[in-house]
2 protein chains.
Amino acid sequence: MNDKTPKYIHIKNRIKDGIRNGSIVDKLPGERVLAKELNASYMTVRKAITELEEEGILHKFTTKGTFVSNRKMSPKITRNIGFFLDEDIKEGISSPYYSLIFKALDKTVKKMGYNMLLFSDFNDLNPLKNQKKIDGVIICCFPRIEDKIQEINKYLPIVLLDNTAADKSIPSVTIDNYNSCSKSIEYLWSLGHRRIGFISGLLDSDVCRDRLLGYTSALTRLGIKEDKSLIFKGNYSYESGEKAGEYFASMQESPTAIMCANDSMAIGSMKTIRERGISIPDEISIVGFDNIEVASRVFPALTTNAAPIEDMVNKAVEMLLSSIDGKDIDYKHIILPARLVKRNSCIPANTQL
Amino acid sequence: MNDKTPKYIHIKNRIKDGIRNGSIVDKLPGERVLAKELNASYMTVRKAITELEEEGILHKFTTKGTFVSNRKMSPKITRNIGFFLDEDIKEGISSPYYSLIFKALDKTVKKMGYNMLLFSDFNDLNPLKNQKKIDGVIICCFPRIEDKIQEINKYLPIVLLDNTAADKSIPSVTIDNYNSCSKSIEYLWSLGHRRIGFISGLLDSDVCRDRLLGYTSALTRLGIKEDKSLIFKGNYSYESGEKAGEYFASMQESPTAIMCANDSMAIGSMKTIRERGISIPDEISIVGFDNIEVASRVFPALTTNAAPIEDMVNKAVEMLLSSIDGKDIDYKHIILPARLVKRNSCIPANTQL
DNA sequence: TTTCCTTCTTGCTATATAGCAATTTCTGTT
DNA sequence: AACAGAAATTGCTATATAGCAAGAAGGAAA
């Protein structure tokens, strides 16, 4: 009481606490009423509330009242969009794939007069813990932070990219991982390959589970018996691709084609396979996923599934901005097909087999 | 007058205009004085000034007065740092080199409780045109926007990265391009190479001019006569590297070693040189610059100059934050040595020559 | 039930005033 | 010229008040 922190700061904190512990849910009492309740003058309360609005925690509507920002009332705009990249994603923003995403996002968002802010710590998004800096956020993450997403979603519009949440009310844009992989396998099959390996990523997300599922189901559909030894568990990194390459190269009966859950692993495996004296594509054909920049530059140029980055980003931004503007979003979950880019790393299977 | 825009907005605009046309230079009259001058009440003027401070245009000091933010008085903190990437830089933020820079910046800045904001349009930095969003900015750009840098520098601390400005009062962090290239040439010389080509980038910046100068001066020092036909002008892109490779491969007397102003061009040239049936490194050794991620993964692994990205970024951030805090910076221009990373793309020159 | 008018509520702008704490400026003395 | 103390200045917090415009709420008349 008798410390010298200003009264309006105390009021701010009381309101914040009220929101946290649930005693304030939606609408606040009017400024004049609040003033009496809190034994402060109208203007003092007003100052506290105004600052809280600037922080994005409250939102005021003339003639209606003051409300807790719960995403239905659009909060004050900062003209910044956040991009949250899970810190566990390999190489982070400088990974070949996510740097493309970020660049595309930045370009799209600039057109609409916004800027991009990069985050890797969820706490930095939370306006109750920090000053509000963004109007919405596009999130690429692993599913283990589900609950944190929910928390943030109370205050900020969210669009998930490349991932879906268990809570299906959060909009998302993803690639059709299942069918893209299936089609790649069918393509290899059409080239005569019958013994097809798979290098998976971490299986803790739908993304990679779907890619693996696309592979196994395509095999089943094509009448090829499943062989668990043909599935190598990687972690999306180049290095794990190298290990996968060594594994397949040293098998008694190597596969004649390998499908990889991303390009980095594909390129890593190409290196070690070749080091073992096995020729690509003559003896083993390779298919990747993502179509990163270097995919077209390695030798042989890598056949891969091109993520429709432009489309994904456009859709994600479109949904996010609509959400920021308080509009309804028609379709919450958008699944876009990847495009199989045929290059030189796949050729018909050796007839001698 | 009789339109209904609030009075305090008018006052804000009058002050902004005053700053623009130079009638307000440093210190503003006190709030109470200003109120009388402008025929408004103290609190009204105060509101205008407060908002201008939030926009980063003014800065107030209790007991001292209100001043135009001219960078000596530290402006209000937003806890955001800008990263300006010239839009003419190839591939922008998803280029292998700048994505590493950005990632390192983000990491460093996060430790200090800041976030990164990406910009490619200078106007977005200017608080007179937009709401102020950042406390300072790290700039990678070509020198043609010198004058714009000056303009921004009135309101924001700036640190130049990989570039220096004509105005040497703006701090910068750069690589020692000259000596790094010289040393690479000396290394090639020590391997017995005497006919050494050079693939330059665009010569409109000190960066590449210095790299070229390092090359030519090293040759002179080593007693090798200059041969202009051994210098190919590229533009930093992979594609221009491909062209350079074709050029050198089709020379009557190809060089036995090529120094490249960056890795992308080095890798591009390796591709087309090999396509012409010339072996790397057996017939031509290659040295790159930047040490991007793929440099270690191409075949043969590329010998290259590693930019000390961590150090550069640390220094740049350190200087910027000092500047934001209003501290003096001891050394304004920091030049860091690159490290020659020796890999398999360089071998002793063929003795048959 | 619908329509229309009045009253109330809400946040927004604007003014006036008062005391505080830190600092600068002025002033009188040595 | 130097110093010490008084006075003035500066921005910050806080209070009280008043009118405005726009919308919400309520009630009376059709």
Side-chain angles (χ1 to χ4, degrees), chain A residues 1-15 18 24-70 72-77 326, chain B residues 1-15 18 24-70 72-77 326:
Chain A
M1 269 322 128
N2 50 4
D3 70 308
K4 54 240 164 188
T5 62
K7 200 167 182 177
Y8 75 98
I9 301 278
H10 282 135
I11 297 178
K12 275 179 68 175
N13 287 333
R14 282 187 66 167
I15 296 175
I24 302 176
V25 180
D26 189 22
K27 188 181 173 181
L28 267 74
E31 293 175 339
R32 291 166 178 84
V33 178
L34 215 47
K36 272 185 191 156
E37 279 184 15
L38 297 173
N39 261 318
S41 82
Y42 173 65
M43 291 306 285
T44 305
V45 169
R46 205 174 141 65
K47 176 158 191 181
I49 289 181
T50 301
E51 288 206 356
L52 286 172
E53 188 187 31
E54 275 164 11
E55 290 171 25
I57 296 172
L58 299 179
H59 192 70
K60 297 192 270 193
F61 296 87
T62 337
T63 80
K64 285 207 181 74
T66 302
F67 299 81
V68 178
S69 279
N70 66 350
K72 272 154 209 154
M73 344 262 141
S74 62
K76 170 140 193 209
I77 58 168
Chain B
M1 275 323 126
N2 50 3
D3 69 306
K4 57 241 164 188
T5 61
K7 200 167 180 177
Y8 76 97
I9 301 278
H10 281 134
I11 296 177
K12 275 178 69 175
N13 287 333
R14 281 187 65 168
I15 296 176
I24 303 177
V25 180
D26 187 25
K27 188 181 175 182
L28 267 73
E31 293 176 339
R32 291 165 178 86
V33 178
L34 215 48
K36 273 187 188 153
E37 276 182 18
L38 298 172
N39 260 318
S41 82
Y42 173 68
M43 291 306 285
T44 305
V45 168
R46 205 175 140 66
K47 175 157 193 181
I49 289 180
T50 302
E51 288 206 356
L52 286 173
E53 187 187 31
E54 276 165 9
E55 290 172 24
I57 297 173
L58 298 180
H59 195 252
K60 298 192 269 192
F61 296 87
T62 340
T63 81
K64 284 210 182 69
T66 303
F67 299 80
V68 177
S69 279
N70 66 350
K72 273 156 212 156
M73 342 265 142
S74 62
K76 169 139 191 210
I77 58 168

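All chains are named by letter (A, B, ...) in the order of the sequence lines, taking the proteins before the strands, and each is independently numbered beginning at 1.
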S.K.: How long is the straight-line distance from NZ of Lys36(A) back to CG of Leu38(A), given to the nearest 0.5 Å?
M.R.: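 These two atoms lie 13.0 Å from each other.
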S.K.: Output the rounded distance in Å from NZ (Lys64(B)) to P (dT25(C)).
M.R.: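 So the two atoms are 11 Å apart, to the nearest Å.
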S.K.: Quick one: which of Leu52(A), Leu58(A), Val33(A) gives a side-chain contact (heavy atoms from CB on, under 4.5 Å) with Leu28(A)?
M.R.: Leu58(A)
S.K.: To the nearest 0.5 Å, how far apart are OG1 in Thr5(B) and CG in Asn13(B)?
M.R.: 8.0 Å
S.K.: Are Lys60(B) and Arg46(B) close enough, and set up right, to give a side-chain contact (heavy atoms from CB on, under 4.5 Å), and what steps lead you there?
M.R.: CA-CA 11 Å; Lys60(B) 298 192 269 192; Arg46(B) 205 175 140 66; 4.0 Å; yes
S.K.: Set out, in order, the CA-CA distance, both residues' side-chain angles and the distance that settles ring pair (Phe, Tyr, Trp, His ring centres under 6.0 Å) for His59(A) and Phe61(A), then state yes or no.
M.R.: CA-CA 7 Å; His59(A) 192 70; Phe61(A) 296 87; 4.6 Å; yes
S.K.: Can you tell me how far apart CD1 (Ile49(A)) and CD1 (Ile11(A)) are? Round to the nearest 0.5 Å.
M.R.: 8.5 Å
S.K.: Of all nucleotides in DNA chain D with an atom under 4.0 Å from a non-hydrogen atom of chain A, which is the first and which the last going 5' to 3'?
M.R.: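 The contacted stretch runs from dT13(D) to dA24(D).
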S.K.: Short of 4.0 Å, heavy atom to strand atom, which residues of residues 32-48 of chain A count as contacting DNA chain C?
M.R.: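 Result for residues 32-48 of chain A: Arg32(A), Tyr42(A), Met43(A), Arg46(A), sorted by number.
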S.K.: Assess whether side-chain contact (heavy atoms from CB on, under 4.5 Å) is satisfied between Lys47(A) and Thr50(A), documenting all intermediate values.
M.R.: CA-CA 5 Å; Lys47(A) 176 158 191 181; Thr50(A) 301; 5.7 Å; no
S.K.: Within this structure, what is the CD-to-P distance between Glu51(A) and dG11(C), rounded to whole angstrom?
M.R.: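 Glu51(A) atom CD is separated from dG11(C) atom P by 17 Å.
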S.K.: Got a second to check how far Arg14(A)'s CZ is from Ile24(A)'s CD1, nearest 0.5 Å?
M.R.: 9.0 Å
S.K.: Select from Thr63(A) and Ile9(A) the residue whose nearest nucleotide in DNA chain D is closer to the 5' end of that strand.
M.R.: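 Result: Ile9(A).
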